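Report on one structure; see the data block that follows.
Note that the coordinates shown come from a computational prediction; the quantities given were computed from them, not determined experimentally.
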Amino acid sequence: MIVKDLIKLLKTLDQEAVIDMSSDEEGNSFGDISDSLAEWRLKDGRKVYSLYPTNSDLPELRYQ
């Protein structure tokens with residue numbers, strides 16, 4: 001997904017919601033952002049959207 005497409009997607013969402021990613025902090029794999037997402041509620045009641053990758057590549061296979 002390119003930046004302008006991500007911005008377009010984000011503009012359709014509740015602007016007060018939280019965004020999270022389904023990934024790990026260690027950077028074990030990377031992927032393109034899917035245009036589908038999950039909508040949840042945090043335990044404190046706030047809405048949250050989870051972004052998912054469309055694929056999963058090891059860093060050495062994806063980047064120079």
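Nearest heavy atom pair, residue G31 against residue P53, reads CA-CB, 4.0 Å. Here the closest heavy-atom approach between residue R41 and residue K47 is recorded as NH1-N, 3.4 Å. Taking all atoms of both residues into account, the shortest heavy-atom contact from Y52 to S36 is CD1-O, 4.4 Å.
Counting heavy atoms from C-beta on, the side chains of I19 and Y49 come closer than 4.5 Å.
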Per-pair distances, 0.1 Å, donor-acceptor, side chain in residues 5-18, under 3.5 Å, sequence neighbours excluded:
unit_1, atom_1, unit_2, atom_2, d
T12, OG1, L9, O, 2.6
D14, OD1, E16, N, 2.9
Q15, NE2, L10, O, 3.0
Q15, NE2, L13, O, 2.9

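Side-chain atoms of D32 never come within 3.5 Å of backbone atoms of N55 as a donor-acceptor pair (strictly under, hydrogens ignored).
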